[in-house]
Amino acid sequence: MSTPSLDEPDAAALARDLSAAGFTVDGVAAAIGPMASAAMHREQVLPARIALRGDTSGLGTLVRLLVLGEPVAARDLDRALPLLRADGAERVGLVERSGAGADDEVRPAIDLRPYAADDDHWWLASDLSELVTGGPLREDHVLGVGGASTTLARWTPRTHVGRALDVGTGCGVQAMHAATHARTVVATDLSARCLAFAAWNAALNAQTNGGPFAGRTLDLRRGSLLEPVAAERFDLVVSNPPYVITPRAAGLPTYEYRDAGGEGDDVVRRLVSGVGSVLAPGGVAQLLGNWEHHEGETWRERVGSWLPDGVDAWVVQREVQDPAEYAETWARDGGNRPHEPGFDRLVEAWLHDFAARGVEGVGFGVVTLRRPDVGERRSADLRRFDELTGPLADAMGPVVADVLTAEAWLAATDDAALAATHLAVASDVTEERFGLPGADDPQVVLLRQGGGLQRAVRADTALAGLVGALDGDLSVGQVVGALGVLLEEPVADLTARLLPAVRGLVADGLLLHP
């Protein structure tokens with residue numbers, strides 16, 4: 001398996017050819033149709049192959065070759081890439097040729113796909129998947145964009161920053177996202193092959209108008225996690241690290257893109273506990289990870305013990321798998337299939353490893369860390385843990401930014417100041433009332449958030465009345481005072497009961513602070 005390389009003239013030719021052919025996310029979807037597009041999301045390529053069977057158009061040839069992994073005639077590729085041509089595609093590591101003639105077959109050497117995020121349109125190269133190779137992956141496999149990649153991209157705030165760091169960059173997708181809003185981007189990886197793909201992708205996407213690396217370069221450094229940047233500081237750190245918990249047993253494959261070589265969840269512990277050292281004041285780290293669940297220790301206690309001093313932390317657990325589910329998921333990930341001897345051997349190794357260390361489950365989630373800015377007032381570091389297993393907003397980056405801002409504001413606002421504040425209800429909040437037919441009053445009142453964290457908060461009469469009256473004209477204290485008279489409850493008691501609930505609603509974005 002060769003390592004691709006791409007110089008500027010070839011990158012310019014390839015970018016122009018791909019653009020002219022309409023090799024975009026929308027273009028590919030239109031070419032294969034909605035049924036095949038849906039099947040592709042389930043990692044089923046047969047409907048797309050049927051849809052494009054015999055298609056020798058420029059776009060059809062590129063999709064068959066680069067997305068579906070089919071061989072095509074060199075003459076067809078020459079027409080699809082008129083500037084780079086088949087010879088140039090071989091030179092940059094995109095294809096392998098069986099000969100020099102126009103009728104010879106050209107096979108893909110790597111996977112190249114269009115990628116779209118919001119208004120950004122790129123191409124991303126990675127190694128061929130097991131759907132194309134038909135067997136287990138190589139241990140130095142460079143992964144393309146998967147579910148974890150898109151999760152991290154969705155959760156990362158996109159505020160403009162000076163310096164950004166992508167730890168464990170892989171094919172470079174997070175670095176390219178960061179380049180859309182950071183002046184300088186540094187990316188690290190232990191794998192030289194990953195760094196080569198990241199450089200290839202950065203070079204190709206520097207050639208498009210408004211591309212993430214147009215007119216600049218990606219600073220790539222080889223090394224483990226934070227080692228290559230130990231003495232530096234960054235305004236944003238993102239990482240989709242090799243967090244998979246893999247048995248350390250002889251004869252079992254370890255994949256560089258997912259297995260860091262430590263025991264259990266140690267790699268995530270090391271990254272979480274160390275990343276504060278490279279955060280500049282006001283800097284944010286957005287990390288993905290797995291963590292083990294052990295008897296007698298909650299996941300909050302486990303992850304909480306990793307958090308460094310001097311930074312705020314918000315940890316969200318999105319999913320929990322039991323040991324068997326986890327083992328089956330990652331045994332299948334490498335290209336092994338159930339009921340095959342190799343698959344069963346892998347699952348058994350995982351189950352023995354988990355049992356030996358007392359692992360009862362594995363959580364997956366997102367860790368957000370923030371170093372307070374210079375001059376921020378706070379009595380203690382924020383430690384917030386949420387278990388959010390249901391639907392969330394498609395774009396969580398703005399939500400993360402809002403939560404961090406709200407938590408910092410709350411930390412600097414005592415109860416007296418909160419009571420004097422004019423809050424407003426977020427525009428996506430609705431009130432739902434449930435009661436028995438014919439009843440005068442509802443039994444349950446829910447304040448429901450339409451976006452963001454999509455919280456549903458049960459409210460009593462006083463809290464529902466308070467939220468309903470907060471339109472920005474009256475302060476919290478003024479509304480509580482009026483409610484005390486209406487409900488015939490001492491204002492001091494009502495204030496003590498309602499202000500903690502108000503803080504929770506502000507922290508979750510149902511109430512907006514100034």
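As the structure is a prediction and not an experimental result, all values here were calculated from the model.
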Enumerate donor-acceptor pairs with a distance under 3.5 Å from any side-chain N or O in residues 30-53 to protein atoms, sequence neighbours excluded.
residue : atom : partner : partner atom : Å
S37     : OG   : G33     : O            : 2.9
R49     : NH2  : L68     : O            : 2.7

> What distance separates R448 CZ from E432 CD, expressed to the nearest 0.5 Å?
Replying inline: 4.0 Å
> Quick check: does any side chain N or O of S19 sit under 3.5 Å from a backbone N or O of R16, one acting as donor and the other as acceptor?
Replying inline: no
> Any salt bridge between D353 and R357, counting N to O under 4.0 Å?
Replying inline: yes
>> For V275 versus A285, what's the shortest heavy-atom pair and its separation?
In response: CG2-CB, 4.0 Å
> Can you tell me how far the CG atom of L510 sits from the CZ atom of R455, to the nearest 0.5 Å?
Replying inline: 9.0 Å
> Does any non-hydrogen side-chain atom of Y257 lie less than 4.5 Å from one of V142?
Replying inline: no
>> Checking R221 against L195 for the side-chain contact (heavy atoms from CB on, under 4.5 Å) test, could you report, in this order, the C-alpha distance in whole Å, the side-chain angles of both residues, the deciding distance, and whether it holds?
In response: CA-CA 8 Å; R221 305 184 194 179; L195 294 177; over 6 Å; no
>> Looking at R138 and D140, is any side-chain nitrogen of the basic one under 4.0 Å from a carboxylate oxygen of the acidic one?
In response: yes
> Step by step, would you call T159 with D235 a side-chain contact (heavy atoms from CB on, under 4.5 Å)?
Replying inline: CA-CA 10 Å; T159 52; D235 305 298; over 6 Å; no
> Is a side-chain N or O of R318 found less than 3.5 angstrom from the main chain of G390, in a donor-acceptor match?
Replying inline: yes
> Between OG1 of T151 and CE of M396, what distance do you get to the nearest 0.5 Å?
Replying inline: 11.0 Å
>> A side-chain contact here means heavy atoms from C-beta on lying under 4.5 Å apart; do L94 and L65 qualify?
In response: no
>> I'd like to know if the side chain of T188 reaches the main chain of L225, judged simply by a donor and an acceptor atom lying under 3.5 Å from each other, with no hydrogens or angles considered.
In response: yes
>> Any side-chain to backbone donor/acceptor pair from D17 onto L84? Under 3.5 Å, distance only.
In response: yes
>> Is there a side-chain contact (heavy atoms from CB on, under 4.5 Å) between L62 and L81? Walk through the geometry before answering.
In response: CA-CA 9 Å; L62 293 177; L81 302 177; 3.9 Å; yes
>> Which heavy atom of G170 sits nearest to which heavy atom of A198, and what is that distance?
In response: O-CB, 3.9 Å
>> If you define the side chain from C-beta out and look only at heavy atoms, does anything of Y326 sit under 4.5 Å from V359?
In response: no
> Does one side chain, of S57 or D55, offer a donor that lies under 3.5 Å from an acceptor on the other?
Replying inline: yes
>> Quick check for you: to the nearest 0.5 Å, what is the distance between L404 atom CG and D312 atom CG?
In response: 7.5 Å
>> What I want to find out is whether D76 reaches R79 closely enough, with some N-O distance under 4.0 Å, to be called a salt bridge.
In response: yes
>> Applying side-chain contact (heavy atoms from CB on, under 4.5 Å) to L112 and L204, what does each step give before you reach the verdict?
In response: CA-CA 11 Å; L112 180 64; L204 176 59; 4.2 Å; yes
>> Can you give me the closest heavy-atom contact between P157 and V400, atom names plus distance?
In response: CG-CG1, 3.7 Å
> Counting distance only, does the side-chain N/O of D10 pair as donor-acceptor with the main-chain N or O of L6 below 3.5 Å?
Replying inline: no
>> Tell me whether E319 contacts the main-chain N or O of T389 through its side chain, where contact means a donor paired with an acceptor under 3.5 Å.
In response: no
>> Could you report the tightest heavy-atom contact between E292 and R302, atom names first, then the distance?
In response: O-CD, 3.0 Å
> Going from CH2 on W200 to CG on L124, what distance comes out if it is rounded to the nearest 0.5 angstrom?
Replying inline: 10.0 Å
> Considering all heavy atoms of both residues, which atom of A13 and which atom of L83 are nearest to each other, and what is their separation?
Replying inline: CB-CB, 3.9 Å
> side chain to side chain contact (heavy atoms under 4.5 Å, CB included) with T254: which residues, sequence neighbours excluded?
Replying inline: E139, R248, D259
> Is there a donor-acceptor pair closer than 3.5 Å between any side-chain N or O of D127 and the backbone N or O of H141?
Replying inline: no
>> Any non-hydrogen side-chain atom of Q174 less than 4.5 Å from a side-chain atom of S149?
In response: yes
> Taking the inter-plane angle between the rings of W291 and W299 on a 0 to 90° scale, is it parallel (under 30°), tilted (30 to 60°) or perpendicular (over 60°)?
Replying inline: parallel
> Heavy atoms, side chains only, cut-off 4.5 Å: are T246 and Y255 in contact?
Replying inline: no
>> Once side chain to side chain donor-acceptor pair (under 3.5 Å) is applied, do any residues pair with H293, and if so which ones, sequence neighbours excluded?
In response: Q317
>> Tell me whether the rings of W122 and Y115 are parallel (<30°), tilted (30 to 60°) or perpendicular (>60°).
In response: parallel
> Does the distance from a Lys or Arg side-chain N to an Asp or Glu carboxylate O, for D266 and R270, drop under 4.0 Å?
Replying inline: yes
> Judged by atom type as modelled, is there a donor-acceptor pair below 3.5 Å linking the side chain of W330 to the main-chain atoms of I245?
Replying inline: no
> Shortest non-hydrogen contact from P114 to W123?
Replying inline: CA-CD1, 3.7 Å
> Is it true that a side-chain atom of D189 and a backbone atom of T169 form a donor plus acceptor pair closer than 3.5 Å?
Replying inline: yes
>> Looking at A507, is its backbone amide N or carbonyl O close enough to the side chain of R384 to form a donor-acceptor pair, meaning the two atoms are under 3.5 Å apart?
In response: yes
> Are E256 and R193 within salt-bridge range, i.e. N to O under 4.0 Å?
Replying inline: no
>> With rounding to the nearest 0.5 angstrom, report the CG to NE2 distance, D166 to H177.
In response: 10.5 Å
>> Can you confirm whether L287 sits close enough to P241 that some side-chain heavy atom of one is under 4.5 Å from a side-chain heavy atom of the other?
In response: no
>> Side chains of R163 and V186, heavy atoms from C-beta outward: is any pair under 4.5 Å?
In response: yes
> Is the shortest heavy-atom distance from the side chain of F23 to the side chain of V63 under 4.5 Å?
Replying inline: yes
